[in-house]
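Note that the coordinates shown come from a computational prediction; the quantities given were computed from them, not determined experimentally. Residue numbers run from 1 in the order of the sequence given.
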Amino acid sequence: MAVITKALVASKANASLKFEDVYLEDLRPDEALVEIHAVGICHADISCLNGTIPVSFPCVFGHEGAGKILKIGKAVKNVIPGDKVILSYNACSNCPMCRVGHSAYCYHMLKLNFGGRRLDDSHTMQTSDGSPISGNFFGQSSFSRIAIVSKSSIVKVSPETPLQLLAPLGCGLQTGAGVIFNTLNLAQGSSVVVFGAGAVGMAAIMAARIRGAQIIIAIDIVQDRLITAQTLGATHTIEFNGSHTTLQIQRLCGGVGPACAIDTTGNITVIEEMIQCLGPKGKGVTIGAPSPGQKVKIDVFDHLTLGKQYIGCNQGDSVPQEMIPLLIENYFTGNFPVEKIVKMYNFADFESALDDMKSGRTIKPVLVWPDATHI
């Protein structure tokens with residue numbers, strides 16, 4: 001029996017999102033039906049909506065969902081109806097990368113997460129007139145009241161978990177924390193520079209403080225964000241101003257540059273500055289996504305003689321079933337205070353939430369269904 005629900009549908013790139021009645025297809029064995037209570041808005045949603053990252057339309061975005069299990073397929077064993085869950089990215093679970101614990105680099109990652117369809121290209125949603133919708137974005141398409149969710153996207157959480165605050169753990173926050181914990185394995189007493197103090201950058205700053213970094217430098221163009229970064233653990237802040245930024249960073253790091261640097265912006269100019277600022281044996285990591293085909297310039301001689309490393313990172317190299325519980329634990333102990341960066345909006349006010357995120361007024365907007373219970 002088909003399920004009818006409300007969802008925010010994007011008809012084409014740069015089109016306004018609109019609420020529509022959509023029809024959900026029957027569950028497959030490896031899927032669950034989830035009542036969405038809250039969903040974070042991530043820059044990947046915006047980048048797909050504006051065409052920076054190519055996707056198929058019409059589409060239902062949303063990939064930081066959280067809610068309650070309504071129904072499960074026969075192959076879903078880790079949850080039962082009524083369980084609270086936080087949703088994350090999709091992976092096949094069977095390819096060589098998945099089998100060795102690197103599901104963020106699943107061989108089918110792009111198709112599973114940005115394709116908006118099941119691996120066999122079938123759809124999970126239709127419009128009221130029967131037209132297919134790409135409705136399996138990151139295995140969840142959680143800009144919807146009820147969603148069909150792939151089992152690999154599901155993380156069971158405890159009943160006391162505040163979903164309206166912690167929904168963003170599924171992508172942006174686990175990415176920022178994961179780059180510190182996993183990709184860099186940041187050492188106590190080390191130095192790190194975070195370019196971009198949005199939600200991902202703030203998560204990296206909180207994680208760096210948890211790891212005991214001695215120098216944590218936050219860089220942004222919005223002064224209010226730099227002030228917030230200091231409350232979360234940044235020891236220094238810099239307002240980005242091109243090549244002069246590198247000189248400021250190097251002075252703060254003993255004249256030689258930091259051990260680690262992270263770019264969360266996807267801006268090519270910023271990425272090049274990040275690489276330039278690194279000290280000897282320094283590691284620079286890109287976790288902000290530019291459009292496909294963008295390239296950075298590297299001074300190869302400088303890179304060679306200083307032994308620098310430039311690394312790509314997806315989802316913070318995180319396995320959601322491991323990372324999300326770790327971040328929840330740190331939230332409850334006060335070490336990962338996401339309440340300082342999250343602002344909640346009624347789902348009907350999605351346009352205000354998007355505008356506030358784009359303008360920088362809100363770091364991490366979360367859309368909440370007003371009739372959701374026990375969130």
Side-chain angles (χ1 to χ4, degrees), residues 40-47 50 52-53 64 168 171-181 183-184 186 191-209 213 215-246 248-249 252-253 257-258 260-278 282-291 294 296 310-317 338 340-343 354 356-365:
I41 301 177
C42 180
H43 271 291
D45 296 310
I46 295 173
S47 294
N50 66 24
T52 300
I53 298 175
E64 293 183 342
C171 182
L173 302 189
Q174 86 167 352
T175 297
V179 73
I180 295 293
F181 294 155
T183 312
L184 292 171
L186 194 70
S191 55
V192 62
V193 182
V194 179
F195 288 81
V200 177
M202 296 296 192
I205 289 165
M206 289 187 277
R209 181 173 65 176
I215 297 174
I216 305 171
I217 303 173
I219 299 176
D220 205 281
I221 58 174
V222 180
Q223 195 60 231
D224 286 347
R225 291 191 173 199
L226 295 177
I227 293 170
T228 301
Q230 287 181 305
T231 72
L232 296 175
T235 58
H236 305 83
T237 62
I238 297 173
E239 190 168 344
F240 184 78
N241 56 0
S243 59
H244 187 61
T245 301
T246 291
Q248 292 176 275
I249 293 168
L252 292 172
C253 297
C260 303
I262 302 162
D263 172 68
T264 72
T265 70
N267 181 291
I268 300 304
T269 299
V270 177
I271 294 171
E272 291 175 348
E273 279 305 314
M274 176 197 70
I275 297 169
Q276 181 62 34
C277 84
L278 291 169
K283 295 180 181 179
V285 185
T286 286
I287 51 178
S291 57
Q294 297 292 303
V296 298
Y310 176 44
I311 306 165
C313 171
N314 186 40
Q315 290 289 335
D317 294 311
V338 299
K340 293 186 178 181
I341 62 172
V342 165
K343 181 178 179 181
L354 287 167
D356 288 351
M357 185 177 185
K358 292 173 184 177
S359 69
R361 287 189 295 270
T362 296
I363 295 172
K364 173 54 72 173

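To the nearest 0.5 Å, atoms OH (Y310) and CD (E272) are separated by 9.0 Å. Taking OG1 of T228 as the reference point, atom CZ of R225 lies at 9.0 Å (rounded to 0.5 Å). Residue D356 holds its CG atom at 5.0 Å from NZ of K343, rounded to the nearest 0.5 Å. Taking OG1 of T246 as the reference point, atom CG of N241 lies at 9.5 Å (rounded to 0.5 Å). Atom-to-atom distance recorded for I221:CD1 and L226:CG is 10.0 Å, nearest 0.5 angstrom. Put simply, NZ on K358 and CD1 on I46 are 5.5 Å apart, with the number rounded to the nearest 0.5 Å.
Under a 3.5 Å cut-off, the side chain of T264 and the backbone N or O of G196 do form a donor-acceptor pair. Listed for the E64 side chain is a donor-acceptor partner under 3.5 Å among the backbone atoms of G172.
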TODO: Please step through side-chain contact (heavy atoms from CB on, under 4.5 Å) for the pair I238 and L252, ending with a clear verdict.
DONE: CA-CA 11 Å; I238 297 173; L252 292 172; 4.0 Å; yes
- [ ] Take I180 and I262, measure what side-chain contact (heavy atoms from CB on, under 4.5 Å) needs, and give me the verdict at the end.
- [x] CA-CA 9 Å; I180 295 293; I262 302 162; 3.6 Å; yes
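With sequence neighbours excluded, the residues that form a side chain to side chain contact (heavy atoms under 4.5 Å, CB included) with T269 are N267. Listed by chain and residue number, F195, I217, I219, I249, P258, A261 satisfy the side chain to side chain contact (heavy atoms under 4.5 Å, CB included) test with V193 (two or more places apart in sequence, or in another chain). The side chain to side chain contact (heavy atoms under 4.5 Å, CB included) check on R209 picks up I216, P337, with sequence neighbours excluded. In terms of the side-chain hydrogen bond (donor to acceptor under 3.5 Å, both in side chains) criterion, D224 has no residue partners (sequence neighbours excluded). Judged as a side chain to side chain contact (heavy atoms under 4.5 Å, CB included), and not counting sequence neighbours, the contacts of T52 are S47, N50, S291. Listed by chain and residue number, E239 satisfy the side-chain hydrogen bond (donor to acceptor under 3.5 Å, both in side chains) test with Q223 (two or more places apart in sequence, or in another chain).
Here the closest non-hydrogen pair linking A177 and A207 is CA-CB, 3.7 Å. Contact record, A229 with A218: CB-CB, 3.7 Å, taken as the closest heavy-atom pair. Contact detail for T231 and K340: the closest heavy-atom pair is O-NZ, 3.5 Å. For the pair C313 and V285, the tightest heavy-atom approach, listed with the atom from each and the gap, is CB-CG1, 3.5 Å.
Using a 4.5 Å cut-off on side-chain heavy atoms (C-beta onward), C42 and K364 make contact. Between T286 and V296, the closest side-chain pair of non-hydrogen atoms is not below 4.5 Å.
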